[in-house]
Amino acid sequence: MTDTIFGKITRGEIPTEFLYEDEHCVVIRDINPQAPTHVLIIPRKPIPMLVEANSEDQALLGHLLLVAGKVAEQLGVGDAFRLVINNGAGGGQTVFHLHLHILAGREMAEGALAAGLH
Ligand code: AMP
């Protein structure tokens, strides 16, 4: 399996501030924020993309959602944030290690098609 920058970050090989961490995931600030609050929830397990997760990952995927809610609360945006997962190059994914984006702090246009990150 190819390593990515997120593999290096989760293993601590590239010094990065963790806003939150536990045995399953870390949370970092996005280097190129698309909103005043833009953080990434990255599982330590290097699943390349969501569709490559399997039933063994069910608890992990649920955990990532719970962490998203907790971190959004911690960051003071618990009542107004967007959670995004890009899947595959065609879905806008650029780093092939599953991650969730929390975006908040700006007006989020309504509607599914307005959810684009870039
Ligand atoms: P995606 O397009 O969903 O694969 O998102 C990848 C995200 O990772 C982009 O929003 C990048 O700005 C962000 N990113 C890439 N490298 C780093 C890094 N070293 N530290 C923090 N965020 C990064």
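Numbering of residues begins at 1 and proceeds along the displayed sequence. In each ligand, atom 1 is the first atom listed, and ligand 1 is the first ligand listed. All figures in this text were calculated on a predicted structure; none of them were measured in a lab.
With sequence neighbours excluded, no residue forms a side-chain contact (heavy atoms from CB on, under 4.5 Å) with E73.
Shown here is R29, whose CZ atom has no more than 12 heavy atoms of other residues, nucleotides or ligands within 6.0 Å.
Some N or O of G92 is nearer than 3.5 Å to an N or O of ligand 1, by distance alone. Considering both main-chain and side-chain atoms, V95 comes within under 3.5 Å of ligand 1 through a nitrogen or oxygen pair. For the pair D30 and ligand 1, the shortest N or O to N or O distance falls below 3.5 Å. Residue contacts with ligand 1: I28 is placed with no nitrogen or oxygen under 3.5 Å of a nitrogen or oxygen of the ligand (distance criterion only). Ligand 1 has a nitrogen or oxygen under 3.5 angstrom from a nitrogen or oxygen of H101.
Ring-centre distance between H99 and H101: below the 6.0 Å cut-off.
Between the CG atom in L64 and the CD1 atom in I85 there is a gap of 8.0 Å [rounded to 0.5 Å].
Contact atoms of ligand 1 toward N32: 12 (O) (distance under 4.0 Å to a heavy atom of the residue). For ligand 1, the atoms lying closer than 4.0 Å to a non-hydrogen atom of I5 are 19 (N). If you number the atoms of ligand 1 from 1 as listed, the ones under 4.0 Å from a heavy atom of N86 come out as 1 (P), 2 (O), 3 (O).
Salt bridge R11/D3: present, at least one basic N to carboxylate O contact under 4.0 Å.
When all heavy atoms of I102 and A72 are compared, the closest pair comes out as CD1-N, 4.3 Å.
Contacts between L40 and ligand 1, counted as non-hydrogen atom pairs separated by less than 4.0 Å, involve the side chain only. For H99, every heavy-atom contact with ligand 1 shorter than 4.0 Å involves the side chain, none the backbone.
For the ligand labelled ligand 1, residue F96 lies outside the 4.0 Å heavy-atom shell.
Under the 4.5 Å side-chain heavy-atom criterion for Ile, Leu, Val, Met, Phe, Trp and Tyr, Y20 and I41 are members of the same hydrophobic cluster.
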Ignoring hydrogens and angles, write down the donor-acceptor pairs under 3.5 Å from the side chains of residues 51-59, residues two or more places apart or on other chains.
{"unit_1": "N54", "atom_1": "OD1", "unit_2": "E56", "atom_2": "N", "d": "2.9"}
{"unit_1": "D57", "atom_1": "OD1", "unit_2": "K45", "atom_2": "NZ", "d": "2.5"}
{"unit_1": "D57", "atom_1": "OD2", "unit_2": "N54", "atom_2": "N", "d": "2.9"}

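Taking only non-hydrogen atoms, the option from V39, T94, I42 nearest to atom 4 (O) of ligand 1 is T94.
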